[in-house]
Every structure is written in structure tokens, then in C-alpha cells.
2 protein chains.
Amino acid sequence: MLSKKTKYAFHALTFLGKRREQKTVLIQDISEEYGISHKFLENILLELKKAGILGSKKGKGGGYYLIKDPKDVALSKVIRLLDGPIALLPCVSLNYYEPCVECKDEVKCGLNKVMIQVRDEMLNVLENKTLADILDKE
Amino acid sequence: MLSKKTKYAFHALTFLGKRREQKTVLIQDISEEYGISHKFLENILLELKKAGILGSKKGKGGGYYLIKDPKDVALSKVIRLLDGPIALLPCVSLNYYEPCVECKDEVKCGLNKVMIQVRDEMLNVLENKTLADILDKE
DNA sequence: AATTACCCTATCTTTTTTATAGGTTTTGTA
DNA sequence: TACAAAACCTATAAAAAAGATAGGGTAATT
């Protein structure tokens, strides 16, 4: 399951995606729409900004806005940013690799091999579905 | 990521799958092989037994053994059993459905629609890959 | 009858997630 | 130029989940 952080990130991106003609959107507008704590959402939006997905403007009349084209924001990017690895095991993660402590030889591990296949098929979906797909459905 | 519980379950199933000609396997043999706490593994094996995947025999010469044909043990079954939902959001889970509290109308939620697609493609993999696939690779 | 090993429940510890707090910096505007 | 509005930043607390442990009970085999 996705963490609430990631789910909220998707909500916020959807909200901002629907208001792209608008210059900026306040954190508060988003937090009220979804009943998310203002401060909690703040941290999430900051991360999305650091990742180059959102832009922001300080001061009066400021707020957040979507920088990227929605079709260039893959679900995988958002998930990795807020939740971490997509792979089901650390030993098959492309971005967060770690060996399994209990595993003597990864090369001979059948579980490892199958989970690589699972990872690749999951990525095939999550890399190709984007924010644009979410917006299309609203 | 899968919990350690689920990962250990897969290890245990693999171990048992490789020893199907043997009548029974001791918990201790499995826990030593992978460095898993005996008691922790005990709980996992119990759950696998209750789910009809493993059988057991008490007393001297007892232990656990695989009941099912490895190709009938889908990865999805093991994951759901130990980890719970496979879906990325509660509102799209087939087996553990719960509405999202922040969502006013699920029917109009684009995130919901996309996550249903993601779920279906994930299941397409996880329902069709089985313990047999793991054993084939060892 | 003794041994062996499964069965069950409860509790403790650690880690992760979720949430909060309080201040700092930047910007527009009166 | 001072003030207000809004994002920015860092740290910490609270809650929940995961991981691990303990100890005894029950059943089966020799």
C-alpha cells in the first residue's frame, strides 16, 4: 500500500493539474479540499518541488504550481520520491538496492530471479502511467 | 516492499518445495538455513498451514511439508496472507476494501480509476507467477 | 512414560509513519 | 519602508506497525 504521504502527493498533483491556467495555488486550498493537515502537506509539496515537479512563489499572491507537463510525471517518480522503493525486495531494487542479509548467494536465489521479473512488469505499468492519466479520468 | 514475514514465507516455501520427496522438514532446519528466529518462523508456518498451503506432523519425526503443487501457489496468495492488500490504495483493494476518508466521491476520482488499472496489471503478474517459478530458478 | 515438536497467547522492542511545532526568509503592497 | 502573507526549514513528538521474544500447553511418536 502507498503511504498517506504518497497518496496526498497524488491528490495535490491532481488538484494543481486541474488549475494549470492559474498562476499559483495556496497550500491551504489543497489541504482544505482533502482534509489534510496544512503542515503535513507543506512537507510533501516541498519534496515535490525539490524533485522539480512543482514550482513555488513566496509572499503574497504566492503558492505552488505544476512545472511539468502531466504526461511527464510518471506514477513511479512520485512513488519513489515519497515512499521509496517500488520493488518488492531490497535485493531487486534499482534505486534503493540492498542485499538481503539472509541470502548466501543472490545469483543462485530463485526468489530474487522471480522478483526481478515482477519488478520489471510493475515498472512497465508505473513508468508509463502518468499524472495525465489521472487528470483524464476526472 | 514486502514485509520480512512475507519474505521469510517465500524462503520457507522454497526450502520445502525443494524437499518434497522428504516427508517432513523441521522448523529449525529452515530457521537455521536463513538465520530466522525459530519462534518468528513458527508463526509464519502456522499461517501457511491454516491457509492450506502447508501440512504438518507432530511428535518425533514430525515437521512441515508442502501440501500444494508449487504451480498452484500464486505469489499473490502468499502476499495477501502475510502482508495484506496488494492494491496501492484501500479504495481499490479487492480483498481489503476501505473507502478513502478524504475522498468525496470515489466514482469521480481519477486517482481511483488509475489505481484500479495498476492493481489489475499487478495482479496479472502476481496471480500468474507461482512458487514453481521460484523453484525453477534455483 | 518420556521425548519431541507443533500450537497458542501475550508482551516487549524497534522501526516507520504520521503529525506537530516554531521559527526564518521572501515577496507584494499600502 | 513597514507590514502581512506565504513558502521554507529543522527538529521533535505521538501513534502505529513490524519484528522479535517468552513461556507454557497439547498432541503424537518411540
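Throughout, protein chains are lettered first and strands after them, A, B, ... in sequence-line order, and every chain is numbered starting at 1.
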Under 3.5 Å, side-chain donor or acceptor atoms of residues 42-49 of chain A against the rest of the protein: list the pairs with distances, not counting sequence neighbours.
from: A:Asn43; atom 1: ND2; to: A:Lys39; atom 2: O; distance (Å): 3.4
from: A:Lys49; atom 1: NZ; to: A:Ser56; atom 2: OG; distance (Å): 3.0

Please state how far atom CD1 in B:Ile79 lies from atom C1' in D:dA18, giving the value in whole angstrom units.
17 Å
Any A:Ile27 side-chain heavy atom under 4.5 Å of A:Tyr64 side chain
yes
Segment of DNA chain C, first to last nucleotide, that comes within the 4.0 Å heavy-atom reach of chain B:
C:dT4 to C:dC8
How far apart are the closest heavy atoms of A:Val78 and A:Ala9, and which atoms are they?
CG1-CB, 4.0 Å
For residues B:Leu89 and A:Leu2, determine if any side-chain heavy atom of one lies less than 4.5 Å from a side-chain heavy atom of the other.
yes
Between A:Glu138 and A:Lys18, is the closest basic N to carboxylate O distance under 4.0 Å?
yes
Return whichever of A:Gly59 or A:Leu2 has its heavy-atom-nearest nucleotide of DNA chain C closer to the 5' end.
A:Leu2
Does anything in residues 27-53 of chain B reach DNA chain C, meaning a heavy atom under 4.0 Å, and if so which residues?
B:Ile27, B:Lys39, B:Glu42, B:Leu46, B:Lys49, B:Lys50
State, without any angle test, whether A:Glu102 and B:His11 hold a side-chain donor-acceptor pair at a distance under 3.5 Å.
yes
For the pair A:Glu33 and B:Lys104, find out whether any cationic side-chain nitrogen is under 4.0 Å from an anionic carboxylate oxygen.
yes
Once you round it to whole Å, what is the distance between P of D:dA17 and NZ of A:Lys4?
9 Å
Using every non-hydrogen atom in the two residues, find where A:Glu106 and A:Cys91 come nearest and quote the distance to one decimal.
OE1-CB, 3.6 Å
